[in-house]
Amino acid sequence: MGAQRGTCQRSFKTNHRVVAVSCHLPYKTNCFFSKDLIAWVCIAALWGSVVFFAGCTAAPLMNARKEFYSNDPLKAADSLSELRDFPSNDKLLLFMEKGLIQHHLGRYEESINEFFKASKLIEEQETISLSRQSLSLVTTDWITQYKGEYSERLWVHTYLMMNFLLLHKYESALVEAKKALKVLEKHPESLADDYFTRALIALCYENLGQTNDAYIEYKKLAGLMHSPYPVAGELYRLGSQLGFTKEAEHYKKVIPKSQFALLKKKPAGELILFVGVGTGPVKVSDDIIAPASIRFSFPRYESRGFSDAQIIVSDSGQRLPAVSVTTSIDKVASASLQARASKIVVKETARAAIKEAMAQAVEHKNESVIGVLLRAALFLMEEADTRCWETLPASLKLIRLRILRPGKHHFKVTVVRGRGIVEEITLPEISVSSGRKIYHSIRVNN
Amino acid sequence: MTSHIKSSLLVAVISAFCLIIGCTATTRTVSTDEALHYDEAYDFSDKKTIVKNLVEPLLATSPLSGTTEPPVIIIYGIANRTSEHIDTSGITDDIREALLKAGKFRFINETQRGNIATETDYQYNSGAVSPETRIERARQAGAKYMLTGTLRSIEKEEPRQVRLKKKSLRYYSLHLELTDIKTSLISWAHSVELAREASRPIIGW
């Protein structure tokens with residue numbers, strides 16, 4: 001009976017953390033289908049699934065994200081175009097990342113197509129796959145289809161709304177607004193701080209003359225925000241139109257005098273800016289190690305750099321008064337993950353129990369060395385699912401500027417952080433006339 | 001061959017057969033008159049029902065249907081106020097077609113106005129069209145009535161509970177109205193309603 005030695009060396013990348021694993025596998029070859037061989041096949045299969053699902057899936061996405069944040073969105077878009085045999089588990093991430101990159105490039109129609117795919121996939125994913133969920137109970141969550149956090153599912157509709165508004169397709173924007181409302185109604189607490197999306201929903205209603213619905217959304221927003229000031233002007237204006245005099249007067253008190261005077265003047269048009277600021281959060285793994293090499297691994301959102309900045313808009317050197325509504329992506333994403341926390345803990349505990357039972361069964365029937373190796377494999381396999389939509393900004397701002405003078409304008413956007421100017425962006429020449437709303441989207445990554 | 005091997009072979013053949021049948025792509029032509037619904041969402045069968053149920057009363061009960069001179073109508077489209085991306089121009093096209101076939105109404109081709117202007121301009125200003133074949137200008141018919149509508153929907157899903165299937169209910173209503181452009185008065189109005197319940201499994205393989 002001869003003994004052989006095999007060496008296995010693999011490395012895989014899980015969300016920016018490189019885990020290198022090396023092990024030496026001693027095994028006996030006594031008879032066909034021996035217990036040892038079955039045990040080795042099990043270890044190899046489990047190990048293979050980890051390497052395959054966790055290591056290879058996100059590679060094109062990781063490259064695209066890197067290119068996107070290296071201020072090369074064109075290359076990022078190219079990296080994700082015509083991907084063949086892209087793993088089905090990460091399809092949602094692919095559509096979301098592609099959609100956002102295309103949006104950033106001003107290719108709004110293409111962006112809509114990608115976000116539509118994402119939206120359709122989210123609907124399909126409502127059915128729980130028994131086979132994948134069962135397998136994930138003995139391996140890792142990475143083998144399941146990524147379904148997106150509640151916040152990410154909402155932001156698919158948020159970006160669709162933005163795209164449709166930028167293309168002046170108001171009816172389609174309202175359809176997306178209604179879809180976004182459904183998501184907000186499903187997860188009211190975890191998504192309560194997404195002021196940007198709610199302001200966008202109100203705007204969609206407003207564009208189609210559904211004043212009452214717009215008023216309701218602004219009112220909900222005012223109730224959710226610490227101060228109703230950013231939407232008080234809209235509430236006063238729409239409330240007065242609807243004959244809600246008492247409520248309009250209530251919101252009038254919140255509006256500063258200088259702004260109220262401006263509100264009374266009939267504007268020639270309105271400039272509405274969607275500003276994405278900074279780099280969105282990423283998920284990292286938090287580990288708890290219990291005796292007998294039991295590892296619990298939980299995902300957590302971690303901020304990357306600054307999350308907000310002041311945006312100043314000027315026209316021919318003169319600063320324009322503006323009202324803005326801001327969503328902290330970091331905060332809402334974390335709240336969404338937190339809302340799932342109990343489900344994650346239950347699954348993680350069940351997985352740990354099943355894995356421990358497996359290891360004990362192998363230890364009982366085989367040589368202890370195989371049991372130890374199985375434990376090692378199961379331990380390393382226990383990696384929290386840290387997949388997330390990474391090209392999102394750290395915050396989203398909706399800035400509304402009432403333009404009094406009709407004609408051509410040259411607007412300049414200045415991004416201020418701390419005490420210094422970070423970036424100055426000159427918008428293309430914009431023609432303002434006949435009460436038209438003009439939309440523009442910008443992204444500040446630095 | 002032992003019975004054990006025979007039965008194993010039989011199981012293998014049946015399994016292979018099932019697998020092949022299950023994976024084969026199939027196509028079939030479906031009659032457009034057949035009501036087919038895969039889920040609760042709006043589909044072509046709904047469009048046909050809506051058009052049929054709106055055209056019939058428009059022809060039968062509209063005060064304009066009995067006039068000697070067929071009135072000229074312009075369709076300004078149906079506003080989509082549902083939570084689905086529905087191309088409502090398909091509904092207006094079918095309504096127009098059905099009414100034209102009935103011969104009781106005439107329609108302005110609003111969508112081709114730009115092309116009509118371009119062609120007229122070409123005939124008069126390009127120098128390429130012989131004067132005797134040019135169309136006469138300022139002879140377009142003016143619309144007397146305007147047909148507009150709104151498609152709305154209400155959706156309801158079963159509340160969260162322990163279950164294997166998730167039920168959802170969707171209600172559609174299409175409201176159509178005919179407005180006298182001269183007086184701004186609504187001459188005729190009618191609504192069609194549709195409601196459908198669907199259920200989908202929560203757990204799949």
Side-chain angles (χ1 to χ4, degrees), chain A residues 88 109 112-113 115-117 119-120 122-135 144-145 147 150 156-157 160-161 163-164 167 169-189 201 204-214 339 342-343, chain B residues 19 22-23 37-43 46 75-92 111 148-175 177 179 196-205:
Chain A
S88 61
E109 292 282 5
I112 286 168
N113 289 340
F115 283 125
F116 267 170
K117 287 182 204 168
S119 174
K120 196 167 175 264
I122 290 167
E123 273 178 37
E124 286 168 9
Q125 284 175 337
E126 279 183 15
T127 306
I128 300 160
S129 165
L130 207 60
S131 55
R132 296 226 171 195
Q133 287 298 330
S134 309
L135 192 58
T144 58
Q145 279 199 347
K147 292 185 175 182
Y150 306 143
V156 165
H157 300 299
L160 275 167
M161 268 191 274
N163 285 331
F164 282 124
L167 292 168
K169 292 184 177 177
Y170 297 144
E171 207 160 81
S172 300
L174 184 60
V175 168
E176 288 307 321
K178 288 179 179 176
K179 290 187 179 208
L181 268 177
K182 265 172 84 177
V183 183
L184 284 168
E185 278 164 19
K186 254 186 181 173
H187 313 286
E189 279 163 22
I201 292 169
C204 290
Y205 276 120
E206 211 184 318
N207 282 338
L208 284 171
Q210 293 189 229
T211 317
N212 198 40
D213 292 304
S342 57
K343 283 183 189 170
Chain B
L19 193 72
C23 297
H37 306 291
Y38 291 128
D39 54 26
E40 75 279 26
Y42 175 86
D43 55 37
D46 294 330
I75 297 183
Y76 271 115
I78 291 169
N80 176 18
R81 293 292 176 271
T82 70
S83 53
E84 286 167 80
H85 293 279
I86 296 172
D87 184 2
T88 54
S89 63
I91 301 173
T92 49
T111 55
T148 53
T150 311
L151 180 66
R152 293 184 179 89
S153 73
I154 300 170
E155 289 164 52
K156 272 317 245 189
E157 276 186 4
E158 267 189 319
R160 286 181 176 216
Q161 59 192 64
V162 178
R163 59 179 180 229
L164 290 173
K165 279 188 174 180
K166 190 172 160 186
K167 276 186 188 171
S168 53
L169 182 74
R170 205 166 289 188
Y171 162 86
Y172 292 100
S173 89
L174 196 146
H175 179 78
E177 55 191 31
T179 309
R196 189 176 302 126
E197 187 187 64
S199 69
R200 65 183 68 177
I202 289 175
I203 297 166
W205 182 245

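Remember, predicted model here, so these are calculated numbers, not experimental data. Lettering of chains follows the sequences in order, A, B, ..., and the numbering in each one begins at 1.
Between E155(B) and K178(A) there is no salt bridge, since none of the side-chain N atoms of the basic residue sits less than 4.0 Å from a carboxylate O of the acidic one.
Closest non-hydrogen pair, V175(A) versus T82(B), comes out as CG2-O, 3.7 Å. For the residue pair A79(B) and E171(A), the shortest heavy atom distance occurs at CA-OE2, 3.5 Å.
To the nearest 0.5 angstrom, L160(A) atom CG is 6.5 Å from H85(B) atom NE2.
For chain B, no part of Y205(A) is nearby; none of its heavy atoms comes within less than 4.5 Å.
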